[in-house]
2 protein chains.
Amino acid sequence: MSDDTIKIMIIDDHPIVRKGLHLVIKAQGDMEVIGEAGSVREGITIVQEKKPDLIILDLTLPDCSGIEFIKKIKQLSPQVKILVLTIHEEEDYIQKVLLEGANGYLLKKAADDELILAIRAIMRGEMVVDSSMTKKLWQRYLQPAEKTQKSKAKDMLSKRQKEILILVARGFTDKQIAEKIHVSVKTVESHKARIKEKLDIVHRSEFVEYALEHNLLDLHG
Amino acid sequence: MSDDTIKIMIIDDHPIVRKGLHLVIKAQGDMEVIGEAGSVREGITIVQEKKPDLIILDLTLPDCSGIEFIKKIKQLSPQVKILVLTIHEEEDYIQKVLLEGANGYLLKKAADDELILAIRAIMRGEMVVDSSMTKKLWQRYLQPAEKTQKSKAKDMLSKRQKEILILVARGFTDKQIAEKIHVSVKTVESHKARIKEKLDIVHRSEFVEYALEHNLLDLHG
DNA sequence: ATCCCATGTCGGGAATTACCTGGCAGGAAA
DNA sequence: TTTCCTGCCAGGTAATTCCCGACATGGGAT
């Protein structure tokens, strides 16, 4: 801790990517990879043991979402810097990630020297966001309440509503949904009605569109 | 060409992954990376100039599908080996890729020494498939006609049927679809009925499921 | 040449589903 | 405490989908 070597830890479920990052970092004189992990479980253990200065984190981990991980890490050791490195260009992710306390958000399509620059910037206390994402960020924040509210609507939907939104988008009828969640068809209908009101939508296809845009579908039960 | 160094080219749109691969390969004594590209256009040019022995190819490229690329390369220089390295675990991909003449299919979650082993195996003339995919392959080929036909059904669906399948999955009503493609509601209905028969499905949700499994949705018009 | 069959195009009428209006209870927020 | 939001539910009506058909066309097999 006394020397100024930056202790870095890599969490990514693709060994090849880990290796690449490892080698890129090792090529720098003042950085050192002190741990690698392919899952959240491993990750947390190693973080506690090795106490890295900075964690390079891929969001799509097998056991749980990277966002949960950020939350946990920031609880355990708030001083550790987190650089998210991902393929996701969706706006939702970056907002959540930054709100959870990540210090940087870089896309995997970034060049490797961008990564090094980002690490140094973060260690100086700056926040780094991939340039191709900043445009989207600006759009989001410069937009007046109107659309912004809709964008935030996912968070405004209750758990139940989000649940039903997804089931509708997956093509289930109200009846099927009612059976799935053990309520009457009428209840499902009124939930749907309120979702429609909130999101200002009319057609079923807009449920799908919304779910698609917010990555609520993606192959699973 | 006279010495036995394996000349490798990397095509992947993530520079960090490229770097990683590059460094992993360079660490071997008998391999050399003679070119990198982040897109198909670049890729083809470099292949023609540098004449690599083996191409490591990511399927998700910005300008066009990796499958098209394989086709082109195999036309231009049939002797070049192609190792597909991807995150896609879907069965569809691997089948197409191998049919197009790829010599290997590895997932990015593979370890880096697996990659090296794969390269050597391919250069010996073997075919390499990621172990986590082989199970799926077996399932596919061991299954009697019944389900296999369903798997192949996507190709068996007519253009019109596929078009309608997607629209249904996107949540449009028959009426809306009819307007979109300028036919009567009744026509849409009979198309749907025939799709259902072919795919042996009953509910709308199965349209969505099918479309999701076959990557027919993914954010676009 | 002829038959077969998948495809693309339609209807009528029945069955199912979704929508609108309205109500009620409980909890959180103001 | 009052208001707002949520989750729950019904009746009646409108819309959608399903199940029976139909017919013309064009490619493949016999």
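Chain letters run A, B, ... following the sequence lines, proteins first and then strands; every chain starts at 1.
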Test item: side-chain donor near acceptor, B/Gln161 and B/Lys198, under 3.5 Å: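 Yes, side-chain donor-acceptor contact under 3.5 Å.
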
In whole Å, I'd like the distance from the [atom1] atom of [X] to the [atom2] atom of [N].
X        : N      : atom1 : atom2 : result
A/Asp174 : D/dG7  : CG    : P     : 16 Å
B/Ile201 : D/dT17 : CD1   : P     : 14 Å
B/Lys192 : C/dA6  : NZ    : P     : 21 Å
B/Lys196 : C/dT7  : NZ    : P     : 17 Å
B/Lys175 : C/dC10 : NZ    : C1'   : 17 Å
A/Lys159 : C/dG27 : NZ    : C1'   : 17 Å
A/Leu165 : D/dG7  : CG    : P     : 13 Å
A/Gln161 : D/dC5  : CD    : P     : 11 Å

Between the axis at one end of the helix from C/dA1-D/dT30 to C/dA30-D/dT1 and the axis at the other (five pairs apiece), what's the angle to 10 degrees?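 Between the axes fitted at each end of the helix from C/dA1-D/dT30 to C/dA30-D/dT1 lies an angle of 50°.
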
Would you say CD of A/Glu197 has more than 12 non-hydrogen atoms from neighbouring residues, nucleotides or ligands within 6.0 angstrom? no

What does B/Arg204 touch in the nucleic acid at a heavy-atom separation under 4.0 angstrom: a base, only the sugar-phosphate, or nothing? sugar-phosphate

What are the residues of residues 181-191 of chain B, sorted by number, that bring a heavy atom to within less than 4.0 Å of DNA chain D? B/Lys186, B/Glu189

Separation between CG (A/Leu167) and NZ (A/Lys162), nearest 0.5 Å, reads 13.0 Å

